[in-house]
Structures are given as C-alpha cells and as structure tokens.
Amino acid sequence: NQAVYSGGGIATGGWEEYDLSVTDTDFHDNVALYSGGGIDAGGYGANEVTLDGLVFERNYAGSEGGALMAGGALTLDLQVTCCTFADNVASSTGGAVSLGAWDIQDITITDSWFTDNASGQGGALTLATWGMQTLAMSDCQIEGNTAIEYGGAISLGGWADSQVLNLTQVVLDGNDGGKDGAIHIGGVAGDHPGTVEITLESCTVTGNVGRGGVTLEHDYTTIYSLDSDWGTGAADNTPSDVDTGGVTYSQYGSGATFTC
C-alpha cells in the first residue's frame with residue numbers, strides 16, 4: 001500500500017477524540033510519503049491507541065514514523081504490547097515509531113522488539129511533546145537500530161515541562177547513534193526549560209556506538225541506573241557509557257547502580 005501523505009496501512013484524523021485498537025495484524029511493505037508508513041494515528045482530540053500482537057516490517061515514511069506515527073493530539077495514551085518493529089525506515093525521525101502530543105503523552109510499551117530500524121533521528125523511537133510526557137518500557141529488545149544524527153535507539157526532545165523515561169528489563173544492544181548515543185536527550189527539538197528523568201532498572205546497555213550508551217545534552221537531565229549491565233570488553237559501549245555533553249563515564253560493567 002502507498003499513501004500520498006500519511007498512513008500507508010491505516011490513517012486516522014479529525015478534530016474529535018477517538019479510540020483506535022488494532023490486534024494480531026501484520027503491516028508489511030507499506031509506504032507513506034510523509035508520516036506513518038504502517039499506521040498514522042493523527043487527530044487533535046484526546047486520543048487512545050492500543051496495539052497488541054502486531055508485526056511491522058519494511059515500512060517506510062518519507063519524514064516521520066517508519067512504522068507508526070502518533071502525533072498532533074491534545075493528549076495521547078498509547079499502549080503497545082507484544083509487537084515487532086523490524087527493518088522500518090523514516091527519512092527524518094522515528095525509524096519505527098514517532099510520537100508527539102501537545103499537552104500530555106502517556107506511552108507504555110511491553111514485550112516488544114525493535115530491530116534494524118533506521119532514521120535520521122531516533123533509529124527506533126522518537127518522542128517529542130510540549131507538555132508532560134511519560135514513557136514506560138518493560139521486557140523489550142532494542143537492537144541494531146541506526147540513526148544518522150541522534151539516538152540510535154531512542155531520541156527524546158521537545159519543549160516539555162516534564163519528561164520521564166522508565167526502562168525495566170530492556171535490552172539496548174548494538175545500536176548506532178551516529179553523532180550521539182543509543183539514547184539521546186535534547187536532539188529533536190532543542191533546548192527546553194523542563195526536567196528529564198531516566199531510570200534504567202535491570203537493563204542491558206551494551207555494544208552501542210556513535211557516542212555510546214546515553215547522551216545527555218543539557219543539565220536538566222538526571223539518569224538513574226539500578227542493577228543494569230553496561231558491558232565490558234568487546235561488549236562495552238563506544239566510546240563511553242554515559243556522555244553528559246562534556247563529561248564522560250565508562251566501564252560501569254554489570255550490576256551497575258549510579259546516578260549522574
């Protein structure tokens with residue numbers, strides 16, 4: 001399938017709030033010339049999107065969200081469970097997923113796989129908002145994704161009041177962040193006055209290249225590592241585990257608990 005503008009497989013929109021639920025469906029080889037190669041869940045209301053048991057492979061977007069774009073809404077509540085995102089491409093942001101809401105954004109992703117996706121920013125996921133944003137990921141694999149500019153796995157930005165990224169038992173391995181790390185903070189929409197908190201609990205952050213594991217561009221960001229594996233030897237991140245925009249931290253190894 002090919003969409004002239006957005007949503008190669010499914011496109012939603014309009015001024016009213018809506019619920020979108022999709023289960024046990026494959027999205028292969030769809031093309032959107034602008035956003036949402038597989039699904040574009042747009043609109044301007046309070047939107048709830050639930051995706052369960054989906055497979056997104058080889059979808060393409062000319063700008064945002066190679067597999068999935070969900071943005072433009074006043075609020076967004078997105079639940080993703082047991083989904084696979086593989087070999088999707090977006091020219092600008094979010095090789096697999098690009099998300100953005102004007103006010104409140106609440107995203108939960110569990111038991112899902114992001115492999116070999118590519119984009120300019122956010123090889124697997126790009127998130128930007130102008131209000132409050134929470135992303136909770138658990139039991140996910142984010143491996144082998146590529147960004148030309150920022151965030152081989154995840155790029156987080158926007159002018160948000162508060163952004164919280166909670167990762168539990170998530171594997172981030174072998175992602176290429178281009179000029180930055182596997183997780184990049186501040187690269188999508190530039191400076192903003194809000195705060196960002198990142199917690200990695202029982203996670204694996206290994207073998208990522210570019211600027212390594214996590215890149216924190218601004219002093220409003222705090223990272224908490226709880227019993228996580230940052231790799232040693234050949235599995236270490238290159239050139240560092242954490243880069244705070246001038247100060248780098250390396251050789252945390254396995255079972256690392258720290259704050260920076």
Side-chain angles (χ1 to χ4, degrees), residues 56 64-71 76 78 80 83 85-86 88-90 92-101 105-110 112-129 133-158 160 163-189 196-201 203-218 221-225 228 230 237 241-244:
F56 295 88
E64 304 174 274
L68 169 67
M69 170 65 183
L76 172 66
L78 173 66
V80 177
C83 290
F85 300 83
N88 301 286
V89 176
S92 181
T93 61
V97 178
S98 185
L99 304 173
Q105 187 163 248
D106 190 1
I107 302 110
T108 302
I109 304 175
T110 58
S112 294
W113 295 263
F114 297 82
T115 58
D116 299 320
N117 303 286
S119 184
Q121 299 178 8
L125 300 100
T126 293
L127 302 98
T129 188
Q133 173 173 267
T134 301
L135 168 64
M137 297 186 72
S138 60
D139 300 299
C140 292
Q141 306 276 333
I142 310 176
E143 300 179 314
N145 302 283
T146 301
I148 297 172
E149 295 285 338
Y150 308 114
I154 301 171
S155 186
L156 186 68
Q163 292 174 300
V164 177
L165 177 61
N166 292 325
L167 306 182
T168 304
Q169 294 183 338
V170 173
V171 175
L172 299 107
D173 180 70
N175 300 286
D176 186 343
K179 298 178 182 178
D180 282 281
I183 299 176
H184 175 76
I185 308 303
V188 177
V196 180
E197 290 188 2
I198 304 173
T199 301
L200 298 99
E201 182 174 359
C203 291
T204 299
V205 187
T206 53
N208 299 289
V209 299
R211 278 172 67 187
V214 180
T215 305
L216 314 178
E217 291 293 346
H218 307 289
T221 302
T222 304
I223 179 171
Y224 303 94
S225 174
S228 291
W230 293 80
N237 300 290
D241 291 331
V242 179
D243 185 331
T244 63

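Here the structure is a predicted model, which is why all the values come from computation and not from measurement. Numbers here simply count residues along the sequence, with the first being 1.
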Has the side chain of Ser119 got a donor or acceptor atom that lies under 3.5 Å from a matching backbone atom of Ala90? yes
I'd like to know if the side chain of Thr206 reaches the main chain of Trp230, judged simply by a donor and an acceptor atom lying under 3.5 Å from each other, with no hydrogens or angles considered. no
Straight-line distance of Thr199 OG1 to Leu167 CG, nearest 0.5 Å: 8.5 Å
Might you point out which heavy atoms bring Gln121 and Ser155 nearest each other, and give the distance in Å? C-CB, 4.4 Å
Among Ile223, Leu165, Val170, which residue satisfies the side-chain contact (heavy atoms from CB on, under 4.5 Å) criterion with Leu200? Ile223
Counting N and O atoms only, with roles assigned by atom type, does the side chain of Thr204 sit under 3.5 Å from a partner on the main chain of Val171, one being a donor and the other an acceptor? no
All heavy atoms of Gly122 vs all of Ala147, minimum pair found to be N-CB, 3.9 Å
Keeping Thr126 on the side-chain end and Thr93 on the backbone end, is there a donor-acceptor pair under 3.5 Å? no
Counting only N and O atoms by type, is there a donor-acceptor contact under 3.5 Å from the side chain of Asn117 to the main-chain atoms of Asn88? yes
Distance-only, no hydrogens or angles: does the Asn175 side chain make a donor-acceptor pair with backbone N or O of Gly123 under 3.5 Å? no
Taking all non-hydrogen atoms of both residues, which atom of Ser138 and which atom of Thr110 are closest, and how far apart? OG-CG2, 3.1 Å
Which residue in the set Ile107, Leu68, Ile109 passes side-chain contact (heavy atoms from CB on, under 4.5 Å) when paired with Leu125? Ile109
Determine whether Ile185 and Gln163 satisfy the following criterion, side-chain contact (heavy atoms from CB on, under 4.5 Å), listing intermediate values before the conclusion. CA-CA 10 Å; Ile185 308 303; Gln163 292 174 300; 5.6 Å; no
Per the side-chain contact (heavy atoms from CB on, under 4.5 Å) rule, which among Thr221, Val164, Asn166, Ile154 passes with Ile198? Thr221
Run the side-chain contact (heavy atoms from CB on, under 4.5 Å) test on Leu156 and Ile183 for me, step by step, so that the C-alpha distance in whole Å, both residues' side-chain angles and the decisive distance to 0.1 Å come before the verdict. CA-CA 8 Å; Leu156 186 68; Ile183 299 176; 6.0 Å; no
SG/Cys203 to CG/Asp173 distance, rounded to the nearest 0.5 angstrom? 12.5 Å
Give a yes or no answer on whether the side chain of Asn208 reaches the backbone of Gly181 with a donor-acceptor pair at less than 3.5 Å. no
Rounded distance [0.5 Å steps], CD in Gln169 versus CE in Met137: 13.0 Å
Give a yes or no answer on whether the side chain of Asn145 reaches the backbone of Phe114 with a donor-acceptor pair at less than 3.5 Å. yes
